[in-house]
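Report on one structure; see the data block that follows.
Along the sequence shown, residues are numbered consecutively beginning with 1. Here the structure is a predicted model, which means the values were calculated and not measured. Because only heavy atoms are used, hydrogens play no part in the values below, and waters and symmetry mates are left out as well, while side chains stay in.
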Amino acid sequence: MEYQEAKEKFISTWGSLGSLWGINKAMAQIQALLFISTRPLSMEDIMEELKISRGNTSMNLRQLMDWGIVTKEIIPGERKEYFTTEKDVQELARIVAKERSRREIKPVVKILKDVSSIKDDGTEKTKELIKQTKALHELTDTMDTMINKVVNQQQNWLTKSLLKLFK
């Protein structure tokens, strides 16, 4: 397989996997392109390479910057804005895990806490709702806390050990 074919296959695959970490296909493809790029890319570079519109590119770059995955880079003498992404795979995974927790898990934990804290009117159905949502709240909150403790470590022995388990 030649470089161009491999590059296209990587970007396409990464785009398809984007939904696993909570982003759309174009957003993942932009991040993939920046990830394998040897230099920062302008919006025009990204649009041309991925064959997507200016609006789509702009919107997705903004979202990637909101996630903390993509940053603007100033190139002296250039008027265009250039973009780059986190290149360290483990740091990238840490950022994604923290952001997914903030955007998805923490709101669910809050809802489960609210629902499990309703007034017990003594009926069997209310008791069951409280019991089950309280159990889900405790499990979800514990898992979120564990994940955050792991991802907040900067390559300590625990992180290295966990990563070895999955290799």
Side-chain angles (χ1 to χ4, degrees), residues 1 3 6-43 45-47 49-50 52 55-75 78 80-116 133-167:
M1 181 180 317
Y3 171 80
K7 176 179 157 182
E8 289 170 5
K9 188 173 270 192
F10 171 73
I11 291 170
S12 175
T13 302
W14 196 256
S16 298
L17 292 174
S19 62
L20 294 176
W21 45 287
I23 65 170
N24 68 54
K25 184 177 179 178
M27 199 168 153
Q29 288 179 328
I30 291 169
Q31 195 279 327
L33 176 63
L34 292 170
F35 188 70
I36 62 171
S37 178
T38 58
R39 62 180 175 78
L41 300 177
S42 70
M43 188 179 306
D45 295 333
I46 296 165
M47 290 166 42
E49 184 73 40
L50 299 178
I52 56 177
N56 195 6
T57 305
S58 177
M59 178 186 65
N60 284 302
L61 280 169
R62 231 175 298 120
Q63 287 180 335
L64 285 163
M65 287 187 289
D66 288 346
W67 275 69
I69 296 171
V70 167
T71 55
K72 284 183 188 178
E73 194 157 311
I74 296 170
I75 298 179
E78 288 286 335
K80 292 180 185 176
E81 292 181 327
Y82 287 83
F83 303 90
T84 190
T85 190
E86 176 61 52
K87 298 285 188 165
D88 182 304
V89 176
Q90 291 175 5
E91 179 63 13
L92 184 61
R94 191 182 74 74
I95 292 168
V96 169
K98 284 182 75 168
E99 192 61 19
R100 289 209 62 187
S101 171
R102 185 183 74 78
R103 290 173 182 248
E104 299 167 24
I105 299 171
K106 290 203 183 330
V108 169
V109 168
K110 183 185 180 324
I111 289 168
L112 288 170
K113 182 179 181 184
D114 291 347
V115 171
S116 67
T133 56
K134 188 174 277 187
L136 274 174
H137 171 260
E138 290 170 3
L139 175 67
T140 308
D141 193 41
T142 300
M143 295 302 291
D144 187 46
T145 300
M146 285 175 31
I147 289 168
N148 279 305
K149 283 183 179 179
V150 170
V151 300
N152 284 327
Q153 300 302 312
Q154 295 292 335
Q155 279 301 296
N156 69 8
W157 67 270
L158 176 62
T159 307
K160 288 178 183 173
S161 299
L162 287 172
L163 289 171
K164 285 179 187 174
L165 287 174
F166 296 106
K167 287 185 178 180

Nearest atoms (heavy-atom pairs only) where [X] meets [Y]:
X	Y	result
T57	M43	CG2-CG, 3.5 Å
T142	E138	OG1-O, 2.7 Å
L41	L33	CD1-CG, 3.6 Å
A28	G15	CB-CA, 3.6 Å

Atom pair [atom1] ([X]) and [atom2] ([Y]), whose distance is rounded to the nearest 0.5 Å:
X	Y	atom1	atom2	result
Q29	S16	CD	OG	7.5 Å
Q31	N60	CD	CG	12.0 Å
M1	E8	CE	CD	10.5 Å
K25	I11	NZ	CD1	12.0 Å
I74	Y82	CD1	OH	12.5 Å

Side-chain contact test, heavy atoms from C-beta onward, threshold under 4.5 Å: evaluate it for [X] versus [Y] and give yes or no.
X	Y	result
K110	K113	no
H137	V109	yes
E81	L61	no

[X] (side chain) donor-acceptor with [Y] (main chain) under 3.5 angstrom:
X	Y	result
T85	F35	no
K87	L34	yes
S42	D45	yes
T145	D141	yes
S101	A97	no
T140	L136	yes

TODO: For the pair K7 and E49, find out whether any cationic side-chain nitrogen is under 4.0 Å from an anionic carboxylate oxygen.
DONE: yes
- [ ] Apply side chain to side chain contact (heavy atoms under 4.5 Å, CB included) to the pair W67 and M27, showing each step before the final yes or no.
- [x] CA-CA 11 Å; W67 275 69; M27 199 168 153; 3.6 Å; yes
TODO: Step through the shown structure and confirm whether more than 12 heavy atoms of other residues, nucleotides or ligands are within 6.0 Å of CE on M59.
DONE: yes
- [ ] Would you please test I30 and I52 for side chain to side chain contact (heavy atoms under 4.5 Å, CB included) and show each step?
- [x] CA-CA 10 Å; I30 291 169; I52 56 177; 3.9 Å; yes
- [ ] Walk me through it: do K72 and F83 pass the test side chain to side chain contact (heavy atoms under 4.5 Å, CB included)?
- [x] CA-CA 5 Å; K72 284 183 188 178; F83 303 90; 3.6 Å; yes
Task: E99 and I69: CA distance, side-chain angles, deciding distance, side chain to side chain contact (heavy atoms under 4.5 Å, CB included) verdict - done: CA-CA 10 Å; E99 192 61 19; I69 296 171; over 6 Å; no
